[in-house]
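Only one structure is covered here, and it is reproduced in the block below.
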Amino acid sequence: MKKSLLVLISFFVISILVGCGYKPSSYYAKQQIKGNVFVDLFVNLKDPKNSVLIKDAMNELLVHRLDAKLVTNKDEADTIIYLKLGSVSMNELDYDKQGFTKLYRANVNINVRYENSEYNNSFNVSGTHEFSIEGTTITDTKRFEAIKNAASKALEEVISKIAVYSFKK
């Protein structure tokens, strides 16, 4: 009895240590985004400030989550990522007793395309951020912060979307 229990426990422990082959989505995304990476941004002339913050957020994502090596020259890149701020909108969610809007939702859509010698894929990501205001109007600072937070949430989807493309061949 003790011997069979020991064998069963040993088998169970070995199974857990060997694992089921789980790999995080960043592992698969790294297979798609190879070598030197250049991020090319299409600047939206209606909203240039927010367009630039998307590139900064993408650069941070690539460096911290994928350990990518960013380059500043397109000719040195093995992988090029194209970003475009698709749309930005604000929705009213809640009102006070006088009928003034107190709660908003910022919606951001970003178009992403990446290409290298093996892959050429494109997709859209979206993010939202809810925020409240004091007074009756949205300040530029509140609007900028809301869009920045919504864009960051949208870009969090990028790694999982890229990982999904590693399975589609």
Side-chain angles (χ1 to χ4, degrees), residues 23-94 101-135 137-169:
K23 294 178 185 164
S25 59
S26 61
Y27 171 83
Y28 298 104
K30 285 178 186 179
Q31 292 177 342
Q32 298 270 310
I33 307 296
K34 297 179 180 183
N36 295 334
V37 179
F38 178 79
V39 178
D40 192 8
L41 172 71
F42 175 80
V43 177
N44 186 338
L45 296 177
K46 294 179 182 176
D47 209 353
K49 188 176 179 183
N50 291 320
S51 294
V52 173
L53 79 87
I54 290 169
K55 181 176 180 178
D56 292 342
M58 183 59 141
N59 286 344
E60 186 176 324
L61 177 88
L62 290 168
V63 169
H64 291 123
R65 301 264 313 268
L66 297 182
D67 298 323
K69 182 175 185 277
L70 299 179
V71 293
T72 57
N73 186 349
K74 201 181 228 182
D75 297 330
E76 297 172 2
D78 300 308
T79 300
I80 301 171
I81 298 177
Y82 299 94
L83 297 175
K84 180 181 178 187
L85 181 60
S87 65
V88 174
S89 63
M90 297 286 176
N91 298 68
E92 300 170 345
L93 297 179
D94 195 22
T101 306
K102 290 296 179 191
L103 185 64
Y104 286 90
R105 177 181 292 140
N107 302 298
V108 173
N109 294 306
I110 302 170
N111 309 106
V112 180
R113 183 168 64 91
Y114 65 95
E115 61 184 41
N116 57 33
S117 59
E118 297 178 48
Y119 305 103
N120 185 357
N121 295 309
S122 63
F123 53 88
N124 295 321
V125 291
S126 60
T128 62
H129 177 73
E130 295 174 1
F131 64 101
S132 61
I133 63 165
E134 294 180 22
T137 59
I138 301 174
T139 63
D140 285 342
T141 304
K142 275 282 199 183
R143 181 181 179 278
F144 179 74
E145 283 299 315
I147 293 169
K148 180 180 178 182
N149 290 332
S152 294
K153 288 178 183 176
L155 290 175
E156 288 174 7
E157 286 184 46
V158 169
I159 289 178
S160 59
K161 293 242 183 184
I162 291 172
V164 167
Y165 281 110
S166 72
F167 297 112
K168 297 178 181 179
K169 289 189 179 185

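The first residue of the sequence shown is numbered 1, and numbering continues consecutively from there. Just so we're clear, the structure is a prediction, and the values are computed from it rather than from any experiment.
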Fill in: Trace of the side chain to side chain contact (heavy atoms under 4.5 Å, CB included) decision for M90 with I147
CA-CA 9 Å; M90 297 286 176; I147 293 169; 3.9 Å; yes
Practice prompt. Could you go through the side chain to side chain contact (heavy atoms under 4.5 Å, CB included) check for F131 and I138 one step at a time?
Written response: CA-CA 10 Å; F131 64 101; I138 301 174; 4.2 Å; yes
Worksheet item: Would E92 and Y104 satisfy side chain to side chain contact (heavy atoms under 4.5 Å, CB included), going step by step from the backbone distance to the final call?
Response: CA-CA 5 Å; E92 300 170 345; Y104 286 90; 3.6 Å; yes
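Applying the side chain to side chain donor-acceptor pair (under 3.5 Å) rule to S87 yields the partners N109; only residues at least two apart in sequence or on another chain are considered.
Taken from CZ in R143 to OG1 in T137, the straight-line distance is 13.0 Å, to the nearest 0.5 Å. Considering OG of S117 and NZ of K34, their distance stands at 6.5 Å, rounded to 0.5 Å. To the nearest 0.5 Å, the span separating NZ on K153 from CG on N107 amounts to 11.0 Å. Between atom CG of residue L53 and atom CD of residue E60 there is a gap of 11.5 Å, rounded to the nearest 0.5 Å. Between the CD1 atom of I33 and the CG atom of D67 there is a distance of 13.0 Å, given to the nearest 0.5 Å. If you take CD1 on I162 and CD1 on I81, they are separated by 5.5 Å, rounding to the nearest 0.5 Å.
When side chains are defined from C-beta on, R113 counts as touching N120, because their heavy atoms get closer than 4.5 Å. Using a 4.5 Å heavy-atom threshold, the side chains of F123 and V164 count as separate.
A donor-acceptor contact shorter than 3.5 Å links the side chain of N116 to the backbone of Q32. Distance alone, capped at 3.5 Å, places no donor-acceptor pair between the D40 side chain and the Y82 backbone. The closest donor-acceptor contact from the side chain of Y165 to the backbone of S122 lies under 3.5 Å.
Counting all heavy atoms, side chain and backbone alike, A154 lies closest to S126 at CB-C, 3.4 Å. A pairwise comparison of heavy atoms in N36 and E76 identifies ND2-O, 3.3 Å as the closest pair. Listed here is the closest heavy atom pair of G35 and D78: CA-OD2, 3.3 Å. Here the closest heavy-atom approach between residue A68 and residue V63 is recorded as O-CG2, 4.0 Å. The two residues A150 and V108 make their nearest non-hydrogen contact at CB-CG2, 3.6 Å.
Under the 6.0 Å distance and 45° angle rule, K84 counts as a cation-pi partner of F42. Remark: K55 qualifies as a cation-pi partner of F38 under the 6.0 Å distance and 45° angle criteria applied to the six-membered ring.
With respect to V39, the side chain to side chain contact (heavy atoms under 4.5 Å, CB included) criterion is satisfied by exactly one of L83, D56, L61: L83.
Other residues, nucleotides and ligands contribute only 12 or fewer heavy atoms inside 6.0 Å of the CZ atom of R65. Enclosure of atom CG in D140 is not indicated, since only 12 or fewer non-hydrogen atoms of other residues, nucleotides or ligands lie within 6.0 angstrom.
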